[in-house]
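Counting from 1, the numbers follow the sequence of the chain as shown.
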Amino acid sequence: MVSANREMAVYCFDTLVSHYNNEETPPPAFEEANHPLFVTWKKIVNGGEPRLRGCIGTLEARRLISGFKDYALTSALRDRRFPPIQAKELPSLQCTVSVLTDYEDAEDYLDWEVGKHGIIIEFTEPETNTKRSATYLPEVPAHEGWTKIEAIDSLVRKAGHNGVITEAVRRRINLKRYQSTLFSMHYSEYLSYVKATRGVGPGINGINKPSFA
């Protein structure tokens, strides 16, 4: 089984840096495979709690190399919840790559474990017959400190349901659960990796080139 690793996070940073510099992305240092995947960018300011700046991926299996390259840029530049990440924000960024595995059909909307499973919900609005769906990665409910029902209700809202969330609404949910491996890397760790493996840190248009001792 393929697990999320450092080289995948490096490739996402390489992709974003190369975009700002209008250059070709260096080749990745991880093996090709087919898996669903996500790329999450967070911004850390003055040592505070990381703040989400973009998170987009796919629940369908695709080639990891092209997938991480596409979603590194899509999550950084085209997450409609946030303005595009600018080059000057790079020193504050943290990248988390997720590789999704072990998809299973749940027996009901409570048939999953907080912190272990990511969840995909699908349901149909009873009044409008509108189909809704949404997902949370495994780390989201755990980070928020939610119970299962709190996570489900939040996900129902994320899917676009604006009415009252009743037990009847919850019981209409078809739930799939999955697991994931993830790897997080801060920009400073990326610079150290590039320096150690390539001998020189990247120069980025829009910010000063870093110096190394």
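- The two residues Pro26 and Ser18 have their closest heavy-atom pair at CD-OG, 3.5 Å.
- Taking 4.5 Å as the limit, every side-chain heavy atom of Glu150 sits out of range of all side-chain heavy atoms of Glu144.
- In summary, Arg63 and Glu32 engage in a salt bridge, as defined by a charged side-chain N under 4.0 Å from a carboxylate O.
- Residues Ser98 and Glu139 come closest through the heavy atom pair OG-OE2, 4.0 Å.
- No option in Lys131, Arg172, His161 other than His161 meets the side-chain hydrogen bond (donor to acceptor under 3.5 Å, both in side chains) test with Glu125.
- Here the side chains of Ile152 and Ile165 are not in contact, with every heavy-atom distance at 4.5 Å or above.
- Rounding to the nearest 0.5 Å places NE2 of His186 at 11.0 Å from OG of Ser192.
- Residues passing the ring-ring contact (aromatic ring centres under 6.0 Å, His included) test with Tyr136 are Trp146, sequence neighbours excluded.
- Of all the heavy atoms in Asn5 and Phe183, the pair that sits closest is C-CG, 3.7 Å.
- For the pair Ile173/Leu155, no side-chain contact is recorded, criterion being any heavy-atom separation below 4.5 Å from C-beta on.
- Few gaps surround CZ on Arg198; more than 12 heavy atoms of other groups in view lie less than 6.0 Å from it.
- No side-chain heavy atom of Leu191 sits under 4.5 Å from any side-chain heavy atom of Val194.
- When the options Asp105, Thr135, Ile121 are evaluated for a side chain to side chain contact (heavy atoms under 4.5 Å, CB included) with Lys176, the one that passes is Asp105.
- Of all heavy-atom pairs spanning Tyr109 and Arg170, the tightest one is CD2-O, 3.5 Å.
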Run the side-chain donor-acceptor check on residues 43-54: report pairs under 3.5 Å with partners two or more places apart or on a different chain.
{"unit_1": "Lys43", "atom_1": "NZ", "unit_2": "Glu89", "atom_2": "OE1", "d": "3.2"}
{"unit_1": "Glu49", "atom_1": "OE2", "unit_2": "His143", "atom_2": "NE2", "d": "3.0"}
{"unit_1": "Arg53", "atom_1": "NE", "unit_2": "Glu89", "atom_2": "OE1", "d": "3.0"}
{"unit_1": "Arg53", "atom_1": "NH1", "unit_2": "Pro83", "atom_2": "O", "d": "2.9"}
{"unit_1": "Arg53", "atom_1": "NH2", "unit_2": "Pro83", "atom_2": "O", "d": "3.2"}
{"unit_1": "Arg53", "atom_1": "NH2", "unit_2": "Pro84", "atom_2": "O", "d": "3.4"}
{"unit_1": "Arg53", "atom_1": "NH2", "unit_2": "Glu89", "atom_2": "OE1", "d": "3.2"}
{"unit_1": "Arg53", "atom_1": "NH2", "unit_2": "Glu89", "atom_2": "OE2", "d": "3.0"}

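- Heavy atoms of other residues, nucleotides or ligands lying less than 6.0 angstrom from CD of Glu60 number 12 at most.
- Nearest heavy atoms, Cys12 versus Val39: SG-CG2, 3.9 Å.
- The only member of Phe68, Tyr20, Trp41 that meets ring pair (Phe, Tyr, Trp, His ring centres under 6.0 Å) when paired with Phe13 is Trp41.
- Looking at residues two or more places apart in sequence or on another chain, you find a side chain to side chain contact (heavy atoms under 4.5 Å, CB included) between Asp108 and Leu110, Asp111.
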Next on the checklist: side chain to side chain contact (heavy atoms under 4.5 Å, CB included) for Leu90 and Tyr190? Distances and angles first, verdict last.
Outcome noted: CA-CA 11 Å; Leu90 274 167; Tyr190 164 71; over 6 Å; no
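- At most 12 non-hydrogen atoms from other residues, nucleotides or ligands lie less than 6.0 angstrom from CD of Glu107.
- Atom CG of residue Leu37 and atom OG1 of residue Thr101 lie 12.5 Å apart, to the nearest 0.5 angstrom.
- Of the possible donor and acceptor atoms, one in the side chain of Thr181 sits under 3.5 Å from a partner among the backbone N and O of Ala4.
- Annotation: side chain of Val10 is in contact with side chain of Met185 (closest heavy-atom distance under 4.5 Å).
- A single hydrophobic cluster is seen to contain both Val17 and Leu93, as judged by linkage of ILVMFWY side chains at heavy-atom distances under 4.5 Å, directly or through other members.
- Asp79 places a side-chain N or O within 3.5 Å of a backbone atom of Cys55 that can act as its donor or acceptor partner.
- For the pair Pro36 and Tyr178, the minimum side-chain heavy-atom distance is 4.5 Å or more.
- Within a 6.0 Å radius of CZ in Arg6, no more than 12 heavy atoms belonging to other residues, nucleotides or ligands are found.
- Annotation: the span from Cys95 atom SG to Tyr187 atom OH amounts to 13.0 Å, rounded to 0.5 Å.
- Going from atom CD1 of Ile56 over to atom OG1 of Thr74 covers 6.0 Å, rounded to the nearest 0.5 Å.
- Checked against the 6.0 Å centroid threshold, Tyr71 and Phe38 do not count as a close aromatic pair.
- With sequence neighbours excluded, the residues satisfying side chain to side chain contact (heavy atoms under 4.5 Å, CB included) with Thr197 are Tyr193.
- Taking CG of Leu73 as the start and OG1 of Thr25 as the end, the distance is 7.0 Å to the nearest 0.5 Å.
- Between the side chain of His19 and the backbone N or O of Thr15, no donor-acceptor pair lies under 3.5 Å.
- In the hydrophobic clustering, Val164 connects to no other residue, as no ILVMFWY side-chain heavy atoms lie under 4.5 Å from its own.
- For the pair His35 and Leu100, the tightest heavy-atom approach, listed with the atom from each and the gap, is ND1-O, 3.4 Å.
- Checked against ring-ring contact (aromatic ring centres under 6.0 Å, His included), Phe30 has the following partners two or more places apart in sequence or in another chain: Tyr11.
- With values rounded to the nearest 0.5 angstrom, Ile65 atom CD1 is found 9.0 Å from Met8 atom CE.
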